[in-house]
Amino acid sequence: MGERLLAGELAEARVQARPVVVPGHPAEVLTRLGSQADLLIVGCRGHSRLAGMLLGSTSDYCAQHAPCPVVVAPGPPPESRMRAG
């Protein structure tokens with residue numbers, strides 16, 4: 001359902017997008033695909049600082065290494081994520 005909603009919003013805004021599934025580390029794949037994009041939009045879950053240091057941050061990596069502009073969209077607040085699950 002979320003994919004249909006997003007597709008409708010993108011079409012309404014006259015934005016061309018295509019879903020792609022590519023094996024590999026997300027940060028490396030996204031920055032490589034950024035060479036073919038006008039804009040890269042990534043989400044941010046907001047891990048704690050410790051988790052961010054241990055796991056790394058895909059959004060930070062993309063912001064620093066992508067060959068195109070990057071928008072980092074924040075996720076929902078932690079309390080709404082806990083209610084949804």
Side-chain angles (χ1 to χ4, degrees):
M1 179 163 167
E3 290 178 26
R4 287 186 197 157
L5 178 63
L6 179 59
E9 290 176 0
L10 291 173
E12 188 175 309
R14 295 185 177 191
V15 172
Q16 292 183 350
R18 61 184 170 92
V20 177
V21 178
V22 179
H25 189 277
E28 293 170 1
V29 170
L30 287 168
T31 54
R32 187 180 57 220
L33 291 175
S35 66
Q36 304 167 22
D38 295 324
L39 177 66
L40 179 61
I41 303 172
V42 294
C44 177
R45 285 194 284 188
H47 287 297
S48 68
R49 282 189 176 207
L50 178 59
M53 287 189 300
L54 294 174
L55 299 172
S57 170
T58 298
S59 57
D60 285 345
Y61 185 89
C62 290
Q64 293 177 20
H65 296 93
C68 64
V70 176
V71 172
V72 178
E79 59 275 4
S80 67
R81 285 197 306 253
M82 289 186 345
R83 277 186 256 132

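Please read these numbers as outputs of a predicted model, since none were measured by experiment.
Side-chain heavy-atom separations under 4.5 angstrom define the hydrophobic clusters, and the remaining members of the one that includes Leu30 are Leu40, Val42, Val70, Val72. Hydrophobic clustering, defined by side-chain heavy atoms of Ile, Leu, Val, Met, Phe, Trp and Tyr closer than 4.5 Å, groups Ile41 together with Leu39, Val71.
The two residues Arg32 and Val22 come nearest to each other via the heavy atoms NH2-CG1, 3.7 Å. Nearest heavy-atom pair across Pro67 and Ser35 is CG-N, 3.4 Å. Nearest heavy atoms, Ala37 versus Cys68: O-CB, 3.6 Å. For the pair Ala27 and Cys62, the tightest heavy-atom approach, listed with the atom from each and the gap, is O-SG, 4.2 Å.
Distance check: Leu33 CG to Glu28 CD gives 12.0 Å after rounding to the nearest 0.5 Å.
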